[in-house]
There are 2 protein chains.
Amino acid sequence: MSETAERLKRNNIRPSYARIRIMEYLMEHPVHPTVEDIYQNLVKEIPTLSKTTVYNTLDLFVRHNLARVVTIEENETRYDADTTNHGHFKCETCGSVYDFTINDDGLETKGIGDFAVTEKHVYFKGICKKCLYSKE
Amino acid sequence: MSETAERLKRNNIRPSYARIRIMEYLMEHPVHPTVEDIYQNLVKEIPTLSKTTVYNTLDLFVRHNLARVVTIEENETRYDADTTNHGHFKCETCGSVYDFTINDDGLETKGIGDFAVTEKHVYFKGICKKCLYSKE
DNA sequence: GTACACATTTATAATAAATCCAAGATTGGA
DNA sequence: TCCAATCTTGGATTTATTATAAATGTGTAC
Ligand SMILES: [Mn+2]
Ligand SMILES: [Mn+2]
Ligand SMILES: [Zn+2]
Ligand SMILES: [Zn+2]
């Protein structure tokens, strides 16, 4: 049984072929793909795959903390197999989404003192190095 | 001429009635409303209002920096007349979106050293004070 | 005040993403 | 092997957003 299958099992997820391949795709393509990306690429090798399965499976992973939803642009839900705390940078020129490490120890937050925080999301927008240098 | 009309003018936006009322709605309801919220409430007093106008007007405001898009949940684009740098907290129990002040001086970011950052977004999720206390 | 060019708003249709659903296929355990 | 539970599928549906073109409103020159 594959590494990925084992991991799914350990997380109480029945390791069906679709689930294994979707998880592998997520891990092998850490570019924060959309449902559409994942579907279009996997349907080549799994012709019977349906988009609903991709939605359901990603949902399942998120509920089991094996993946995260990355919401940056409206109407562009992306997924990330890296569930550790990190930030995202979206280049408005080339559209790439980069990861960056954050240390929020120094982040002061006034106004939500007694709130229970379960998720922290940080994303920046701008122009990436590559696009900056290739300009004019 | 109203305060709001003046402000729109100063920003090179012709102060039509729809635009004035949409801006006023945004400022009087700092709860990060959606297009739907705004439309449903304003159509009561402006029966001819169309949703397209709400979309277009908000877009215009964002382009002129009089409003911001707040993207937290997928498929739930919210708008904010407060364009200063601040964070958002969404309560997963009651759905409210709170503001909080952030001081990101202390936020270390490794990995995007040479990138040009134009926008910074921070949002947390969890359970708000009110919901925490009213529980069981 | 009228005419006209231009800006704004509207109704409607087109797209596209996400969700729902019911039926069929697959699975693990008795 | 058989069955009940779980998964997957295709298609229909819903919902959000954008596009288009016609209608309406506005400011200004005459
Ligand atoms: Mn990431
Ligand atoms: Mn806000
Ligand atoms: Zn770039
Ligand atoms: Zn709450």
Side-chain angles (χ1 to χ4, degrees), chain A residues 1-2 4-6 8-25 32-64 66-79 95, chain B residues 1-2 4-6 8-9 11-25 32-64 66-67 69-79 95:
Chain A
M1 184 174 295
S2 81
T4 302
E6 299 280 11
L8 293 182
K9 252 191 157 172
R10 275 200 307 282
N11 284 275
N12 302 312
I13 293 174
R14 205 137 92 183
S16 70
Y17 187 63
R19 290 170 175 177
I20 292 172
R21 291 301 296 124
I22 291 172
M23 175 52 81
E24 285 176 350
Y25 186 88
H32 317 90
T34 62
V35 165
E36 189 65 22
D37 293 334
I38 298 168
Y39 173 76
Q40 288 302 340
N41 283 287
L42 287 183
V43 78
K44 292 175 196 161
E45 66 174 88
I46 315 173
T48 64
L49 184 67
S50 94
K51 216 177 273 189
T52 304
T53 295
V54 180
Y55 275 106
N56 290 340
T57 302
L58 288 170
D59 234 50
L60 190 68
F61 290 167
V62 170
R63 285 204 307 281
H64 284 78
L66 295 179
R68 275 195 160 211
V69 174
V70 178
T71 306
I72 297 184
E73 223 65 73
E74 327 79 84
N75 320 328
E76 194 187 78
T77 306
R78 293 160 170 271
Y79 289 85
Chain B
M1 184 175 295
S2 81
T4 303
E6 298 280 13
L8 293 182
K9 254 192 155 169
N11 284 275
N12 302 312
I13 293 174
R14 198 189 270 189
S16 71
Y17 187 64
R19 289 170 174 177
I20 293 171
R21 291 301 296 123
I22 291 172
M23 176 51 82
E24 286 176 348
Y25 186 89
H32 315 90
T34 62
V35 165
E36 189 64 22
D37 293 334
I38 298 168
Y39 173 75
Q40 289 302 338
N41 283 288
L42 287 183
V43 79
K44 293 176 197 162
E45 67 174 89
I46 315 173
T48 64
L49 184 68
S50 91
K51 214 178 275 188
T52 304
T53 295
V54 180
Y55 275 105
N56 290 339
T57 302
L58 289 170
D59 234 50
L60 189 69
F61 290 166
V62 170
R63 286 204 308 279
H64 284 77
L66 296 178
V69 174
V70 178
T71 307
I72 297 185
E73 224 64 74
E74 327 80 84
N75 319 327
E76 193 187 78
T77 305
R78 292 161 170 271
Y79 290 84

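Values reported hereafter were calculated over all heavy atoms of this structure, with side chains retained and with hydrogens, waters and symmetry mates removed. Residue numbers begin at 1 in each chain, while the letters A, B, ... track the order of the sequences.
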Practice prompt. Name all residues meeting the ring-ring contact (aromatic ring centres under 6.0 Å, His included) criterion together with A:Tyr39; count only those two or more places apart in sequence or in a different chain, and write none if there are none.
Written response: none

Nucleotide [N], atom [atom2] - distance to [atom1] of [X] in whole Å:
X	N	atom1	atom2	result
B:Asn75	D:dT13	CG	P	21 Å
A:Lys51	D:dG11	NZ	P	13 Å
A:Tyr55	D:dT9	OH	P	15 Å

Practice prompt. Within residues 34-46 of chain B, find the residues that approach DNA chain C with a heavy atom at under 4.0 Å, and present them sorted by residue number.
Written response: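 Those residues: none at all.
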
Worksheet entry | Main-chain N/O of B:Ile72 paired with B:Arg78 side-chain donor or acceptor, under 3.5 Å | no

Worksheet item: Strictly by modelled atom types, are B:Thr34 and B:Asp37 linked by a side-chain donor-acceptor pair under 3.5 Å?
Response: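 Checked: B:Thr34/B:Asp37 side chains pair up, N/O donor to acceptor below 3.5 Å.
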
Fill in: DNA chain C: 5'-most and 3'-most nucleotides touching chain B, 4.0 angstrom heavy-atom criterion
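Contact boundaries, 5' end first: C:dA7 to C:dA18.
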
Worksheet item: Does any non-hydrogen side-chain atom of B:Arg19 lie less than 4.5 Å from one of B:Leu60?
Response: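 Yes, close enough: below the 4.5 Å cut-off.
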
Worksheet item: Would you say the side chain of A:Ile38 lies within less than 4.5 Å of the side chain of A:Leu58, judging by non-hydrogen atoms?
Response: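 Of all side-chain heavy-atom pairs linking A:Ile38 with A:Leu58, at least one is under 4.5 Å.
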
Discussion item. Tell me every residue that passes side chain to side chain contact (heavy atoms under 4.5 Å, CB included) with A:Asp59, counting only those two or more places apart in sequence or in another chain.
Written reply: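 With neighbours one apart ignored, the set is A:Arg63.
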
Discussion item. Holding to side chain to side chain contact (heavy atoms under 4.5 Å, CB included), I want the full list of residues that pass it with A:Glu24, two or more places apart in sequence or in another chain.
Written reply: A:Ser2, A:Thr4, A:Ile20, A:Arg21, A:Glu28

Distances under 3.5 Å between nitrogen or oxygen atoms of protein and nucleotides 5-8 of chain D:
from: D:dC7; atom 1: OP1; to: A:Arg19; atom 2: NH1; distance (Å): 3.2
from: D:dC7; atom 1: O5'; to: A:Arg19; atom 2: NH1; distance (Å): 3.3
from: D:dC7; atom 1: O5'; to: A:Arg19; atom 2: NH2; distance (Å): 3.1
from: D:dT8; atom 1: OP1; to: A:Ser16; atom 2: OG; distance (Å): 2.2
from: D:dT8; atom 1: OP2; to: A:Arg19; atom 2: NE; distance (Å): 3.3

